[in-house]
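Here is the structure we will look at, set down as C-alpha cells.
So you know, we letter chains A, B, ... as the sequences are listed, proteins then strands, and number each from 1.
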There are 2 protein chains.
Amino acid sequence: MLQLLRQSNLRMTAQRLAVLSSIDAEGRHKDAEFIVNAARQRLGSMSRQAVYDNLHALVAAGILRRIEPAGSSALYETRVADNHHHLICRGCQAVVDIDCVVGAAPCLEPDQNHGYVIDEAEIVFWGLCPECQSQTKK
Amino acid sequence: MLQLLRQSNLRMTAQRLAVLSSIDAEGRHKDAEFIVNAARQRLGSMSRQAVYDNLHALVAAGILRRIEPAGSSALYETRVADNHHHLICRGCQAVVDIDCVVGAAPCLEPDQNHGYVIDEAEIVFWGLCPECQSQTKK
DNA sequence: CAGATTATCTGGACTCTGTCCAGATAGCGG
DNA sequence: CCGCTATCTGGACAGAGTCCAGATAATCTG
C-alpha cells in the first residue's frame, strides 16, 4: 500500500492514512460524509477539504474507485482485483458487489460505437434487498 | 400522448405540455436547467418548481425516463419502446443511445443475487467521442 | 354552465454536496 | 537541517434540487 502511494507520488500523511483506513472499515462503499466523520474520529480533527482532496488524489491514483449511483451521493470503495459491478436496492440504497460475469460478455461491446473509443462498460443492477421486500409487503 | 397523461391521472396543463415538448426537441437527454429555459421560452414564465414537479410526475408515470450519469446532473429523455443503454463521453459528457444488445445477455442475470429481486440492469458505456479524441491528440 | 375538489403553480427560503481560494503546515529528497 | 511543494485548514461560495404555504386553474358533478 505504501508502495502504491509512493508510486503515485503521494505523500504519506496522517490525514491520508485516516481516509484510507476509514474506507477499509467494515462494509465497503462509503460516502464522503461518512469518511469525514470516521477520519475526524481517528485524528481529532480534519478539514472537509482535506478529505475531498485525498479522495480525489486516491481515485486518480487508482487506489480508490468512485461510484455515483443515481439517487445517492458519490461512494468510494477500495479497488480490488477488479471490475466487479454493483447491485443497488431501490428502497434503502444498499450496495453490494457483483462479480463480473465470466466470459467476455457480448453486451459489453456494442457494435454501433458512434466513433467513440469505449474504455469501460459500467453495469448497475437495480432491485429490492430482502429487507425492503418484506417491508413493502406489510 | 394525451391518453397517457389521462391514464396516469395527470392533468393537461400548459406547463406540463411545455415541459414535454421541450424534451422532444432536437437531440434527447436534456437536463433540468435546459428544460426550465425551454419551457419559459414557450410560456413566457414558469417556476422552477413546476418544472421539477412535472419531471417527477412524468417519470413516475413512465412517460419520461431519468438518467443520472456520474459527473452530470440528471437528464431526462422520452421513453421509447425501450431498454436501450447509454454511451457517454468522458471528455464532453455527450450522451448517445446504444440499442440493447440482441439476445438475452448472460451478464444481465447475476447468479449471486444476494436475495435481491432485480428488476433492471443499467449499462453505461464510457469513452471518448470523436471530437474529444482529436482534441486530446493535439 | 356554476360550484366544488384538489392537482398544479408560484416564489422564496433552505439543504446537501462539493468546489474555490489563499495562507499556513509539514512530508521527503538532498 | 534546508527547501520545495504537496497537503491542510477554514471560510466563502456554487449548483442542483427540495420544502413550504398560499394562490390558480383543470376536471368532475349536478
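- Note: CZ (B/R66) to P (D/dA16) measures 12 Å, nearest angstrom.
- Residue-to-nucleotide contacts include a donor-acceptor pair under 3.5 Å from the side chain of B/Q49 to the base of D/dC19.
- Of all nucleotides listed (C/dG18, C/dT10, D/dT9), D/dT9 comes nearest to the side chain of A/M46.
- Other residues, nucleotides and ligands place no more than 12 heavy atoms under 6.0 Å from the CD atom of A/Q41.
- B/H56 has a side-chain polar atom (N or O) that falls below the 4.0 Å cut-off from OP1 or OP2 of D/dT18.
- Minimum interatomic distance between A/R16 and A/A57 (heavy atoms only, all atoms of both residues): NH2-CB, 4.2 Å.
- One finds a side-chain N or O of B/R16 lying less than 4.0 angstrom from the OP1 or OP2 phosphate oxygen of C/dT8.
- Atom-to-atom, CG of A/D53 to P of C/dA22 comes out at 15 Å; the value is rounded to the nearest Å.
- Here NE2 of A/H85 is found 12.5 Å from CD1 of A/I88. Values are rounded to the nearest 0.5 Å.
- Here the OG atom belonging to A/S22 is positioned 9.5 Å from the CG atom belonging to A/L55, to the nearest 0.5 angstrom.
- The residue B/A32 sits close only to the backbone: its heavy atoms come under 4.0 Å of sugar-phosphate atoms, none of a base.
- Considering NE2 of B/H56 and CZ of B/R66, their distance stands at 5.0 Å, rounded to 0.5 Å.
- As a whole-Å value, the separation of B/N9 CG from C/dT6 P is 12 Å.
- A/R48 places its CZ atom 12 Å from the P atom of D/dG10, with the value rounded to the nearest Å.
- Applying the 4.0 Å criterion to OP1 and OP2 of D/dC8, one finds that A/N54 has a side-chain N or O inside that range.
- In this structure a side-chain-to-backbone donor-acceptor pair under 3.5 Å is present from B/R28 to B/T78.
- Atom P of nucleotide D/dA16 and atom NZ of B/K30 are separated by 17 Å, given to the nearest angstrom.
- When heavy atoms are screened at a 4.0 angstrom cut-off, A/D31 is found touching no nucleic acid atom at all.
- The distance from atom CZ of A/F34 to atom P of C/dT17 is 15 Å, rounded to the nearest whole Å.
- If you check C/dG11, C/dT8, C/dC9 against the side chain of B/A50, the one that comes closest is C/dC9.
- Separation of atoms CD (A/E33) and CZ (A/R48) is listed at 4.5 Å; rounding is to 0.5 Å.
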Sub-3.5 Å pairs of nitrogen or oxygen atoms, protein against nucleotides 23-30 of chain D:
| from | atom 1 | to | atom 2 | distance (Å) |
| --- | --- | --- | --- | --- |
| D/dT27 | OP1 | B/M12 | N | 2.7 |

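- Atom P of nucleotide D/dG15 and atom CD of B/E68 are separated by 19 Å, given to the nearest angstrom.
- Atom CG in A/L17 sits about 10 Å away from atom P in D/dC8, given to the nearest Å.
- Within 4.0 Å (heavy atoms only), B/A57 reaches no atom of the nucleic acid at all.
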